[in-house]
Asks: 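Take a look at this one; I'll ask things after.
If you read the sequence from its start, that first residue is 1, and numbering goes on from there. Indexing begins at 1, ligand by ligand and atom by atom, following the structure's order.
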Amino acid sequence: MIGDIAEGVSRGVESIGSTFSGAFLEPVVRLGVTGLSRAGKTVFITSLVANLINRARMPQLVAAADGAIRTAYLQPQPDDTLPRFDYETHLADLTGRTPRWPDSTRAISELRLSLRVQPTGLIAGLRGPRTVHLDIVDYPGEWLLDLALMDKSFEEWSAETLKRIATRPLAADYLALAAQTDATAQLDEPVARALAASFTAYLNAAREAGFSDCTPGRFLLPGDLAGSPVLTFAPLEKPSSLPRGALWREMERRFDAYKREVVKPFFRDHFSRIDRQVVLVDALGAIHAGPQAVEDMRLAMTDILSAFRPGRNAWLSQLLLGKRVEKILFAATKADHLHHTQHPRLTAIMQALVADAKSRADFAGAQTAAMSIAALRATTEDTVPHEGGTLDVVRGQLLSSGKRAAFYPGALPEDPMHLLGPARSGQAEWLEGDYSVMSFAPQPLTLKPGEGPPHIRLDRAAQFLIGDRL
Ligand SMILES: Nc1nc2c(ncn2[C@@H]2O[C@H](COP(=O)(O)OP(=O)(O)OP(=O)(O)O)[C@@H](O)[C@H]2O)c(=O)[nH]1
Ligand SMILES: [Mg+2]
């Protein structure tokens, strides 16, 4: 406890210093970019940075349109121990001669973009140019889900997890293994490893099937922790008697170590320093996967969002000591799969997804917005004749076959509850509509001088997130 308080205090002091940088106290904005795996974080950051360096496609970012941003350039990041976001490689992938999507990244990384800003208009003559540093931090949304573990004991977490997965066929193997394991037996490392491996296999399969509630987050993205004891546990029902050295006790100890050594440092060292946050959501992907995936995404969003309502988590509020994220953007990504006539419906679904979490408790004063965006537009729009009428489609090059195709994903309902309602009631399939998603390859680009890669509403996203600081 005392350790926690001391840590909280020193962090509070440091956070005041960390909003400024360098000898002249240049302002720093720390922008967190998160989302579940494959949500589009890497593409978002790459395109955002490219479009801040070359701003011709950013008319809705006021400071870009009115010329206040004079230059934008990359600088060494301030945190020596964080991997650098590999901007150059990702940009080369996306904008090369045969463009391709960047590789999956799976860990935290950071990039500093510095913007030289000269105020325009009335105050132009009063203030000289200044530099604003934008520190962009890319981290997996799965890590935020782990916050829910902090206020739980191994016993509680086990009970909840086992209950949640009891009816999932994907979990059958793990549940069978857990049922035949004697948790009172003395720890036998191969048994512990087999349990952890089986539970991890379930988590991966669930993730593949579109489920979002796949914690502990590091089981999916272990990095250099793979195989270590902190990742070698699994949910087990608590036996009535527990001898010394029992398997269950050791699992409990590892669960606590996971919280202490893995979850806590992330929140303390990284999460707590974020000023602005964008949460990317592949809503179309979940809709395509079906009602259960949509419901599961809604639950995961609620969990993710609880990290931004620290009042609901005693441990986190103590760590943050009143510091909070000022703005949070919830963005449905890959909107270029839809003709723009459908974008308002996607945005409405996004709004409804977060509304639930929002109405129950506010975000401690943080300003929030929902948008539909595409960080890198891979399609063009078209209207084609169809059964005597017309159909609004998008055209692009299919990732699977390399062929060009016109694509109509199905009409999203005007009322988001027509999707979220059936999802919540546990319906197995969509009855009203049929939604599909295709994967498109990024298009070869010919950029004019000053132009960044094509996107949809990335400029509006940037205006919301950092416009007021430029
Ligand atoms: N059409 C389209 N597809 C996109 C867009 N952004 C991302 N994608 C697709 O989504 C995939 C994942 O994007 P990433 O940016 O790598 O996602 P991520 O969140 O960084 O994924 P991890 O690093 O695995 O967590 C890409 O490979 C593309 O297929 C977009 O703006 N338009
Ligand atoms: Mg990534």
Side-chain angles (χ1 to χ4, degrees), residues 32-51 57 83-87 89-96 99-111 136-145 204 207-208 210 212 214 217-218 220-223 277-286 288-289 297 300 304 331-340 342-343 346 371-381 393-400 402 404-405 407 409 436-443 445 452-461:
V33 178
T34 197
L36 297 171
S37 135
R38 312 314 287 152
K41 302 176 290 291
T42 303
V43 176
F44 176 88
I45 296 175
T46 308
S47 184
L48 177 67
V49 169
N51 276 290
R57 282 196 162 106
R84 180 177 182 274
F85 179 87
D86 194 359
Y87 171 73
T89 303
H90 300 319
L91 186 70
D93 282 343
L94 291 173
T95 60
R100 58 181 211 96
W101 296 111
D103 292 333
S104 189
T105 39
R106 334 235 100 192
I108 190 165
S109 64
E110 183 185 35
L111 188 70
I136 305 177
V137 183
D138 172 2
Y139 66 93
E142 285 81 356
W143 293 9
L144 289 182
L145 295 177
N204 277 306
R207 180 79 205 100
E208 280 295 302
S212 307
C214 305
R218 270 347 128 91
L220 295 170
L221 311 167
Q277 178 69 50
V278 50
V279 181
L280 301 173
V281 184
D282 184 7
L284 286 172
H288 170 61
M297 175 180 68
I304 285 186
T333 51
K334 314 178 195 180
D336 57 331
H337 284 92
L338 292 179
H339 193 270
H340 74 270
Q342 289 220 55
H343 289 177
L346 181 60
M371 283 179 201
S372 303
I373 65 165
L376 189 87
R377 178 171 209 150
T379 64
T380 51
E381 297 190 340
V393 299
V394 295
R395 284 184 187 281
Q397 187 192 358
L398 296 179
L399 205 53
S400 48
R404 294 195 63 82
F407 172 62
S436 47
V437 182
M438 281 180 168
S439 292
F440 293 106
Q443 296 300 295
L445 302 173
H455 61 80
I456 298 173
R457 279 185 284 276
L458 199 57
D459 48 349
R460 280 198 36 209

Asks: Quick check against the 3.5 Å criterion: does N51 have a side-chain atom that pairs as donor or acceptor with the backbone of P453?
Replies: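 Flag set: sc N51 to bb P453 pair under 3.5 Å.
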Asks: What protein heavy atom lies closest to atom 15 (O) of ligand 1? Include the residue and the distance to one decimal.
Replies: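 Its nearest protein heavy-atom neighbour is V43 N, 2.8 Å.
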Asks: Tell me whether A39 reaches ligand 1 (any heavy atom closer than 4.0 angstrom to a ligand atom).
Replies: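 Yes.
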Asks: I need the nearest protein heavy-atom contact for atom 8 (N) of ligand 1: residue, atom name and distance, please.
Replies: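 Ranking protein heavy atoms by distance from atom 8 (N) of ligand 1, first comes K334 CE, 3.7 Å.
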Asks: Out of all atoms in ligand 1, which are within 4.0 Å of some heavy atom of S104? Include the element for each.
Replies: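 This gives 22 (P), 23 (O), 24 (O) as the contact atoms.
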Asks: Does T105 put an N, O or S atom under 2.8 Å from the Mg ion (ligand 2)?
Replies: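 Yes.
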Asks: Kindly confirm or rule out an N or O of R38 lying under 3.5 angstrom from an N or O of ligand 1.
Replies: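 Such a contact does occur with ligand 1.
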Asks: Would you check the N or O atoms of S37, main chain and side chain alike, for any that come under 3.5 Å of an N or O of ligand 1?
Replies: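 There is no such contact.
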Asks: For the residue pair L338 and H343, establish whether any side-chain heavy-atom pair is separated by less than 4.5 Å.
Replies: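 Yes, close enough: below the 4.5 Å cut-off.
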Asks: Measure the distance from atom 20 (O) of ligand 1 to every protein heavy atom, then report the residue, atom name and distance (to 0.1 Å) of the closest one.
Replies: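 Looking at atom 20 (O) of ligand 1, the protein heavy atom closest to it is T42 OG1, 2.8 Å.
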Asks: Looking at atom 25 (O) of ligand 1, what's its closest protein heavy atom, distance included?
Replies: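 Heavy-atom neighbour on the protein nearest atom 25 (O) of ligand 1: K41 NZ, 2.9 Å.
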Asks: Would V33 and I136 count as a side-chain contact (heavy atoms from CB on, under 4.5 Å) here? Give the steps.
Replies: CA-CA 7 Å; V33 178; I136 305 177; 3.8 Å; yes
Asks: Going by distance only, is there an N or O of L376 that falls short of 3.5 Å from an N or O of ligand 1?
Replies: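 In this structure, L376 places an N or O atom under 3.5 Å from an N or O of ligand 1.
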Asks: Can you say whether the rings of F440 and H337 are parallel (under 30°), tilted (30 to 60°) or perpendicular (over 60°)?
Replies: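 Tilted.
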Asks: Using the test side-chain contact (heavy atoms from CB on, under 4.5 Å), find all partners of P222 that sit at least two apart in sequence or belong to another chain.
Replies: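 If we apply the side-chain contact (heavy atoms from CB on, under 4.5 Å) test to P222, skipping adjacent residues, the hits are A226, L231.
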Asks: Under the side-chain contact (heavy atoms from CB on, under 4.5 Å) rule, collect the residues that match up with H339, sequence neighbours excluded.
Replies: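 side-chain contact (heavy atoms from CB on, under 4.5 Å) list for H339, sorted by chain: T341, E381, T383, D392.
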Asks: Relative to the heavy atoms of A374, which atoms of ligand 1 are at a distance of less than 4.0 Å?
Replies: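 With A374 as reference, the close atoms of ligand 1 come out as 31 (O).
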Asks: Donor-acceptor pair, distance only, cut-off 3.5 Å: does the side chain of S47 make one with the backbone of V43?
Replies: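 It does not hold such a pair.
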Asks: Test of understanding: given a 4.0 Å heavy-atom threshold, classify the contact between H337 and ligand 1 as side chain, backbone, both, or neither.
Replies: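 Contact part for H337 vs ligand 1: side chain (C-beta onward).
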Asks: Nearest 0.5 Å please: distance from the CG atom of L398 over to the CE atom of M438.
Replies: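 So the CG of L398 and the CE of M438 are separated by 5.5 Å.
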Asks: Quick check: does T42 put an N/O/S atom under 2.8 Å from the Mg ion (ligand 2)?
Replies: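 So T42 does bind the Mg ion (ligand 2) by this criterion.
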Asks: Quick check on D336 - does any of its heavy atoms sit under 4.0 Å from an atom of ligand 1?
Replies: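 Judged by the 4.0 Å heavy-atom criterion, D336 does count as contacting ligand 1.
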Asks: Can you find an N/O atom of P102 closer than 3.5 Å to an N/O atom of ligand 1?
Replies: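 In fact, backbone or side chain, P102 has no N or O that close.
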Asks: Could you point out which residue of L94, L91, I45 forms a side chain to side chain contact (heavy atoms under 4.5 Å, CB included) with P102?
Replies: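 Testing each of L94, L91, I45 against P102, the sole residue satisfying side chain to side chain contact (heavy atoms under 4.5 Å, CB included) is L94.
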Asks: Out of the candidates R38, R218, R207, only one should pair with E142 under the salt bridge (Lys or Arg N to Asp or Glu O under 4.0 Å) rule; please name it.
Replies: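 Per the salt bridge (Lys or Arg N to Asp or Glu O under 4.0 Å) rule, the option paired with E142 is R207, out of R38, R218, R207.
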Asks: Determine yes or no for a side-chain-to-main-chain donor-acceptor pair under 3.5 angstrom, with Q397 supplying the side chain and G402 the backbone.
Replies: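 Flag set: sc Q397 to bb G402 pair under 3.5 Å.
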Asks: Any donor and acceptor pair, going by atom type alone, linking the side chain of H455 with main-chain N or O of R57 inside 3.5 Å?
Replies: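 The answer is yes, because a donor-acceptor pair under 3.5 Å joins these two groups.
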Asks: With respect to R377, determine whether any N or O atom, backbone or side chain, lies less than 3.5 Å from an N or O atom of ligand 1.
Replies: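 The answer is no, given that R377 and ligand 1 share no N or O pair closer than 3.5 Å.
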Asks: For atom 28 (C) of ligand 1, which protein heavy atom lies nearest, and how many Å away is it?
Replies: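 Closest protein heavy atom to atom 28 (C) of ligand 1: W101 CD2, 3.3 Å.
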Asks: Answer yes or no: does an N/O atom from A375 fall short of 3.5 Å to an N/O atom of ligand 1?
Replies: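 Yes; the residue has a nitrogen or oxygen that sits under 3.5 Å from a nitrogen or oxygen of the ligand.
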Asks: Looking only at protein heavy atoms, which one is nearest to atom 17 (O) of ligand 1, and what is the separation?
Replies: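 Ranking protein heavy atoms by distance from atom 17 (O) of ligand 1, first comes G40 N, 3.0 Å.
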Asks: Can you tell me if S439 contacts ligand 1 (heavy atom of the residue under 4.0 Å from the ligand)?
Replies: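 Distance cut 4.0 Å: S439 fails for ligand 1.
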